[in-house]
Amino acid sequence: MTTTTNAVTLREQFERDAIPLIDFLYRFALRLAGDEAQAEDLVQDTMLKAFRAWHQFKPGSNAKAWLATILRNTFINERRRGTRQVSGLGEDLIERLQSAHGLESPDPETLFFHDFVDDEVLAAIDALPDEFKEALVLSDVEGLPYNEIARITRSPLGTVKSRIFRARQILQQKLYAYAVEMGYVGAAVT
């Protein structure tokens, strides 16, 4: 009987801690994969792996970082293999879980990001080298602290800081003319 009780408790914990992070995972997967369908598949694979391994998750630790690590590792492994495997986690299950938790509509942060960051900015982010893009998205888009990004990417803290700095410099150079055109910044006086 305790196994059933523990299973229900683990499921409830998963629904409480992991399901609300689906939007974050999708945004991260979209930046990594660059394709909506691949991002959706990547999130499904990540959620399935996380659900199967939820007994290993330490309650009270950072579920966002734990899930992002699973997603990143899944992405890297699939890229190495050069194949796409179907996970078997149906979209209907994710939709039911999202509906049960009121997640069918985007959160305010997602709405702000969607309204403020347009195709020009997203294209510039997508054009960054993968290691810069990954660090920048986790930091500036998802708001993770540097130490969590270092843990997710398995990189030294100094490397993470350097990648974010360099990514911001590249974006600043690429988007300067666009920012002037849109009125976000004034043109430099020469």
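Note that the structure is predicted; figures quoted are calculated from it, not measured.
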I need the [X] [atom1] to [Y] [atom2] distance, nearest 0.5 Å.
| X | Y | atom1 | atom2 | result |
| --- | --- | --- | --- | --- |
| Asn147 | Lys161 | CG | NZ | 9.5 Å |
| Arg166 | Gln169 | CZ | CD | 8.0 Å |
| Leu25 | Thr74 | CG | OG1 | 10.5 Å |
| Asp45 | Ile70 | CG | CD1 | 11.5 Å |
| Met47 | Leu71 | CE | CG | 10.5 Å |
| Lys64 | Ile152 | NZ | CD1 | 9.0 Å |

Identify the heavy atoms of [X] and [Y] that sit nearest to each other, and give their distance.
| X | Y | answer |
| --- | --- | --- |
| Tyr146 | Ser139 | CE2-OG, 3.7 Å |
| Lys174 | Ala127 | NZ-CB, 3.4 Å |
| Asn62 | Arg151 | O-NH2, 4.3 Å |
| Ala150 | Pro156 | CB-C, 4.4 Å |
| Arg168 | Leu136 | CG-CD1, 3.8 Å |
| Asp126 | Lys133 | O-NZ, 3.5 Å |

> Looking at side-chain heavy atoms only, is the closest gap between Ile164 and Ile149 below 4.5 Å?
Replying inline: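 Result yes, sub-4.5 Å side-chain heavy-atom pair found.
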> With a 4.5 Å limit on heavy-atom distance, are the side chains of Val43 and Phe24 in contact?
Replying inline: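 No; the side chains remain at least 4.5 Å from each other.
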>> Between Arg79 and Leu32, does the side-chain contact (heavy atoms from CB on, under 4.5 Å) criterion hold? Intermediate values first, please.
In response: CA-CA 11 Å; Arg79 179 181 261 182; Leu32 289 177; over 6 Å; no
> Is a side-chain N or O of Ser162 found less than 3.5 angstrom from the main chain of Gly158, in a donor-acceptor match?
Replying inline: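 No.
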> Strictly by modelled atom types, are Arg163 and Thr153 linked by a side-chain donor-acceptor pair under 3.5 Å?
Replying inline: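 Short answer, no.
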> Is there a chain of hydrophobic side chains (I, L, V, M, F, W, Y, each step under 4.5 Å between heavy atoms) that links Phe132 to Leu157?
Replying inline: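 Same hydrophobic cluster.
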> Would Gln38 and Leu42 satisfy side-chain contact (heavy atoms from CB on, under 4.5 Å), going step by step from the backbone distance to the final call?
Replying inline: CA-CA 6 Å; Gln38 288 178 353; Leu42 191 55; over 6 Å; no
>> Could you go through Phe51 and Trp54, starting from their C-alpha distance and side-chain angles, then the distance that decides it, and tell me whether this counts as ring-ring contact (aromatic ring centres under 6.0 Å, His included)?
In response: CA-CA 5 Å; Phe51 184 72; Trp54 194 251; 8.6 Å; no
